Amino acid sequence: MTGPVVEVWAPAAQRVELEWSPVHESTNVSLPGRRDVHESTNVSNDGRAGARREAMEPAADGWWRHELPAGTGAVDYAFVLDGDEPALPDPRSAWQPGTVHGPSRTVDTAAFPWTDTGWRGPRDGAGGLGAVFYELHVGTFTPEGTFDAALTHLDHLVALGVDVVEVMPVAAFPTDRGWGYDGVGLYAVHDAYGGPEAFARFVDGCHARGLGVCLDVVHNHLGASGNYLSRFGPYFTEGHHTPWGAAVNLDDDGSATVRRFLVESTLRWFRDFHVDALRLDAVHELKDDSPRHYLAELSDEVAALALDLGRPLDLVAESDLNDPVMVTPTADGGRGMTAQWDDDVHHALHVTLTGEAQGYYADFAGSPDGAERGPLAVLAKVLTRGFLHDGTHSSFRGRAWGAPVDRDGLDARRLLGYLQTHDQVGNRATGERISALVDDPALQAAGAALYLLAPTTPMLFMGEEWAASTPWQFFTSFAEDWLADAVREGRRAEFGSHGWSADDVPDPQEPATRDRSVLDWSEVAAPAHARMLRWYTDLTALRRRLLGTGPTRFADVEVDVDEAARWLVLRHAPAGRPAYAVVVTLAGSGGSVPVDGAGEVLLAWDPDGAAPDGGTITHRCRSVSVLAAERP
């Protein structure tokens, strides 16, 4: 009888030893509730007392292996490379109890008590295209900051009309507080959130309520603390650079194994944790000059697994390239992503509603001598063509940017539109939400109607649905002083250059910065917040009624605007579905808006102030109404 085998890729090492110790059964679980980041459930981690150290055998292509005794259950283990101390965690670690700097722990995901055997995927197998996504951060969704605490609010998401819960990164990172984009254990579930079994409970709980799960993963870099990959092999290359330094090695010597490292981590989330989609962070920083781009390889691997599992599996790319090649099938020379984030939707809505036009927002305010002379004209282009920058000049980048969308041929659901995201809120100096930036909730209501009833796939950011008053700020908890100081000073310098006082920029390292960012669920019942929640809930229900689950086209959308009178009308006539119009009045005094073929009012922010009369609708103040409409 053979025992379990431990393997590691370490082509740079001449000698590899395995340091391991059995895990007592009572400690081989993910405990509900929050633990201190330095607390471990395994006493052998304290100086690794009682751990065995045994030589591993070299195998082909830089791999090393060691067979454990027959009958060995869960173990804590680490690798000693060429005698250098301390022992290092496994690059493919499934769990890092307590810290990313200590031993890894084996996890048997097949032993999880799953109850989702009949799960067919989001929307009963229709998948993520056109679904209502909801982005949340586990650490601030609740005061406890755990998967088990998040489970208690899933019924709220169901009632809201959410289809897919998009969870920000859960890969293990150095301490307990952070956004998750400095993860270093790409196969591991962050211990402070509850660990792998708690994540499985969360996914299972979502599926039990009809909610799909999309997991945010980061393949373009690792965090600075706890990143030991270069000790094992050529995981990074100086042949390319990114904002974080040397690029992940996708096309240099040893890249075949690195690519498999990333692909297998992806397949694992789908196969072992039953997730339905992955959001891939900043794919434009995946530098790859090989004949077959990494994303195309990944797309084909995921498509094959979807056939094997018998349910849809989606890949959603965050890309600032504004290029439809990202969502073009691999068979047609594209990258094969199911969908991609569309920041132009956010930028156009943001400038229109807030009037901010600095930095990368500048082009979205329009230009008196340009094709789009004001923010409403810019918004009209984005709503009918997907991107503002589609081969046009980007002043922020200093050159032409993007490529045009095929309005007739592209399924518009392949672009995700939104009013807020973790980036667009959290990367402001003080983390203000849209509700804090506008002086009238009708403005947020208008933005919500435009993106939730657009042909694109919509995504909410947690708390947006009730106009949460809590900010969402950038926070960290690095243990290394040099890293904490670098992040702190970097934030102050960045925003200082934009006119902010250093004293106004929250200290990312202060626990209070995270605490301020936690949702206040008691707000939901307060009248003003409850009104916004009803609006979002009504919009998601109306989206289902009007758009169904089929493809959409930008060619079926028309937008009329009046910059001077500050109104906009979006008309959408999806194939085989009822036509409708979204009428937005942004002037404080309201006004009358011409809407040819207007029918009954389906939904209105101010029902008493929406007065349709033949070919016009009159709003007595800022407002938004959705009308049935004749087909053009």
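Reckoned from all heavy atoms, side chains included, excluding hydrogens, waters and symmetry mates. As the structure is a computational prediction, the values presented were derived from the model and not from experiment.
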> Might you point out which heavy atoms bring Trp95 and Ser93 nearest each other, and give the distance in Å?
O-OG, 2.9 Å
> Before you tell me yes or no, could you show the steps for Leu151 and Leu154 under side-chain contact (heavy atoms from CB on, under 4.5 Å), namely the whole-Å CA-CA distance, both residues' side-chain angles and the distance that decides it to 0.1 Å?
CA-CA 5 Å; Leu151 271 170; Leu154 291 184; 3.5 Å; yes
> Kindly give the heavy-atom pair with the smallest separation between Pro174 and Val100, and that separation in Å.
CA-CG2, 3.7 Å
> Can you tell me if His284 uses its side chain to pair, donor with acceptor, with the backbone of Asp320 under 3.5 Å?
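A pair under 3.5 Å: yes.
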> We want to know whether His240 and Asp251 form a side-chain donor-acceptor pair, criterion being a heavy-atom distance below 3.5 angstrom.
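Yes - a donor-acceptor pair under 3.5 Å links their side chains.
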> Just wondering, are more than 12 heavy atoms of other shown residues or ligands nearer than 6.0 Å to CG in Asp84?
yes
> For Thr140, check side-chain hydrogen bond (donor to acceptor under 3.5 Å, both in side chains) against everything at least two apart and list the hits.
His137, Trp472
> Quick test of your reading of the model: are Asp485 and Arg488 salt-bridged, counting only N-O distances below 4.0 Å?
yes
> Do Val184 and Phe173 touch side chain to side chain, with heavy atoms closer than 4.5 Å?
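Val184 vs Phe173: side chains apart.
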> Before accepting this row, confirm whether a basic side-chain N of the pair Asp507/Arg491 lies closer than 4.0 Å to the acidic partner's carboxylate O.
no
> Scan Glu510, Gln509, Arg514 and name whichever one has a side chain to side chain donor-acceptor pair (under 3.5 Å) with Thr476.
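Among Glu510, Gln509, Arg514, the one that satisfies the side chain to side chain donor-acceptor pair (under 3.5 Å) with Thr476 is Gln509.
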> Ignoring hydrogens and angles, tell me if any N or O in the side chain of Asp176 forms a donor-acceptor pair with the backbone of Ala192 under 3.5 Å.
no
> Only counting residues at least two apart or in another chain, list the ones meeting ring-ring contact (aromatic ring centres under 6.0 Å, His included) with Trp244.
His221
> Checking Asp61 side chain against Trp63 main chain: does a donor-acceptor pair fall under 3.5 Å?
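Here the side-chain-to-backbone pair does not exist.
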> Would you please name every residue forming a side chain to side chain contact (heavy atoms under 4.5 Å, CB included) with Pro506, sequence neighbours left out?
Thr430, Gln473, Thr513, Arg516
> Within the 3.5 Å criterion, strictly below it, is a donor on Ser395 or Asp363 matched to an acceptor on the partner's side chain?
yes
> Run the side-chain hydrogen bond (donor to acceptor under 3.5 Å, both in side chains) test against Asp281 and tell me which residues pass, sequence neighbours left out.
Asn220, Arg279
> Does Asp342 offer a backbone N or O that forms a donor-acceptor pair with the side chain of Tyr418 under 3.5 Å?
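At least one qualifying donor-acceptor pair exists.
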> Consider only side-chain N and O atoms of Gln96 and Ser104, and report whether a donor and an acceptor are under 3.5 Å apart.
yes
> Give a yes or no on whether a salt bridge exists between Glu264 and Arg259, defined as a side-chain N under 4.0 angstrom from a carboxylate O.
no
> Tell me, please, which residues at least two apart from Pro58 pass side chain to side chain contact (heavy atoms under 4.5 Å, CB included).
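Pro58 satisfies side chain to side chain contact (heavy atoms under 4.5 Å, CB included) with Trp64 only.
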> Assess whether side-chain contact (heavy atoms from CB on, under 4.5 Å) is satisfied between Leu437 and Thr354, documenting all intermediate values.
CA-CA 6 Å; Leu437 298 174; Thr354 69; 4.0 Å; yes
> Keeping Asp276 on the side-chain end and Gly212 on the backbone end, is there a donor-acceptor pair under 3.5 Å?
no
> Report the residues that fulfil side-chain hydrogen bond (donor to acceptor under 3.5 Å, both in side chains) with Ser255, sequence neighbours left out, ordered by chain and then residue number.
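side-chain hydrogen bond (donor to acceptor under 3.5 Å, both in side chains) check on Ser255 returns nothing, list empty.
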> Less than 4.0 Å between a side-chain N and a carboxylate O, is that true for Arg428 and Glu356?
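Result for this pair is yes, salt bridge flagged.
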> So which of Phe475, Phe461, Phe474, Trp179 actually passes ring-ring contact (aromatic ring centres under 6.0 Å, His included) with His422?
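The residue from Phe475, Phe461, Phe474, Trp179 that satisfies ring-ring contact (aromatic ring centres under 6.0 Å, His included) with His422 turns out to be Trp179.
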> Would a 4.5 Å heavy-atom cut-off, applied to side chains only, mark Pro11 and Pro234 as touching?
yes
> Indicate yes or no for a side-chain donor-acceptor contact from Tyr235 to the backbone of Gly254 under 3.5 Å, with no hydrogens or angles considered.
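No.
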> Looking only at heavy atoms, which two atoms of Tyr193 and Ala198 are closest? And how far apart?
O-CB, 4.3 Å
> For Glu480, enumerate each residue passing the side chain to side chain contact (heavy atoms under 4.5 Å, CB included) test, keeping only those at least two apart in sequence or located in another chain.
His101, Ser225, Phe478, Trp482, Leu483
> Leu280 and Val217: side-chain contact (heavy atoms from CB on, under 4.5 Å), yes or no, with the steps?
CA-CA 5 Å; Leu280 306 175; Val217 297; 3.4 Å; yes
> Between Tyr134 and Val162, is there a donor-acceptor pair closer than 3.5 Å when you use the side chain of the first and the backbone of the second?
no
> Please report the closest heavy-atom contact between Glu523 and Ala468, naming both atoms and the distance.
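Smallest interatomic distance, heavy atoms only, reads OE1-CA, 3.5 Å.
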> Only counting residues at least two apart or in another chain, list the ones meeting salt bridge (Lys or Arg N to Asp or Glu O under 4.0 Å) with Arg335.
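If we apply the salt bridge (Lys or Arg N to Asp or Glu O under 4.0 Å) test to Arg335, skipping adjacent residues, there are no hits.
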> Could you check whether any side-chain N or O of Glu166 sits under 3.5 Å from a backbone N or O of Glu135, counting only pairs where one atom can act as donor and the other as acceptor?
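Such a contact is absent between Glu166 side chain and Glu135 backbone.
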> Considering all heavy atoms of both residues, which atom of Arg201 and which atom of Asp148 are nearest to each other, and what is their separation?
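Heavy-atom minimum between the residues: NH2-OD2, 2.8 Å.
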> Could you walk me through whether Asn249 and Thr237 pass the side chain to side chain donor-acceptor pair (under 3.5 Å) check?
CA-CA 5 Å; Asn249 180 15; Thr237 173; 4.8 Å; no
> Please identify each residue that fulfils ring-ring contact (aromatic ring centres under 6.0 Å, His included) with Tyr360, with sequence neighbours left out.
His347, Phe396
> Looking at every non-hydrogen atom in both residues, tell me the closest pair between Ala150 and Phe202 and how far apart they are.
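Here Ala150 and Phe202 meet closest at CB-CE1, 3.8 Å.
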> What do the steps show when you test His241 against Lys287 for side-chain contact (heavy atoms from CB on, under 4.5 Å), and what is the final call?
CA-CA 8 Å; His241 283 81; Lys287 309 296 187 180; over 6 Å; no
> Taking only residues two or more places apart in sequence or in another chain, which ones pass side chain to side chain contact (heavy atoms under 4.5 Å, CB included) with Gln14?
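Only Asp82 meet the side chain to side chain contact (heavy atoms under 4.5 Å, CB included) criterion with Gln14.
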> Hey, is Glu464 close enough to Arg433 for a salt bridge, meaning N to O under 4.0 Å?
no
> Is any side-chain heavy atom of Val283 less than 4.5 Å from a side-chain heavy atom of Glu318?
no
> Begin from the C-alpha positions of Ser290 and Asp288 and carry the test side chain to side chain donor-acceptor pair (under 3.5 Å) through to its verdict.
CA-CA 6 Å; Ser290 57; Asp288 184 9; 2.5 Å; yes
> Do side-chain atoms of Asp314 reach the backbone of Thr338 as a donor and acceptor pair under 3.5 angstrom?
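Pair absent, no side-chain N/O of Asp314 close to backbone of Thr338.
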> Between Ser522 and Asp520, is the side chain to side chain donor-acceptor pair (under 3.5 Å) condition met? List the steps.
CA-CA 5 Å; Ser522 70; Asp520 179 1; 2.6 Å; yes
> Please enumerate all residues that pass ring-ring contact (aromatic ring centres under 6.0 Å, His included) together with His156, with sequence neighbours excluded.
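In terms of ring-ring contact (aromatic ring centres under 6.0 Å, His included), with neighbours along the sequence ignored, His156 is linked to Trp466, Trp521.
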> Checking His350 side chain against Ile434 main chain: does a donor-acceptor pair fall under 3.5 Å?
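Such a contact is absent between His350 side chain and Ile434 backbone.
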> Do the charged groups of Arg53 and Glu85 touch, with an N to O distance under 4.0 Å?
yes
> Determine whether the aromatic ring centres of His66 and Tyr77 lie less than 6.0 Å apart.
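No, they do not, as the ring centres are separated by 6.0 Å or more.
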> Just jot down the side-chain hydrogen bond (donor to acceptor under 3.5 Å, both in side chains) partners of Tyr361, sequence neighbours excluded, or say none.
none
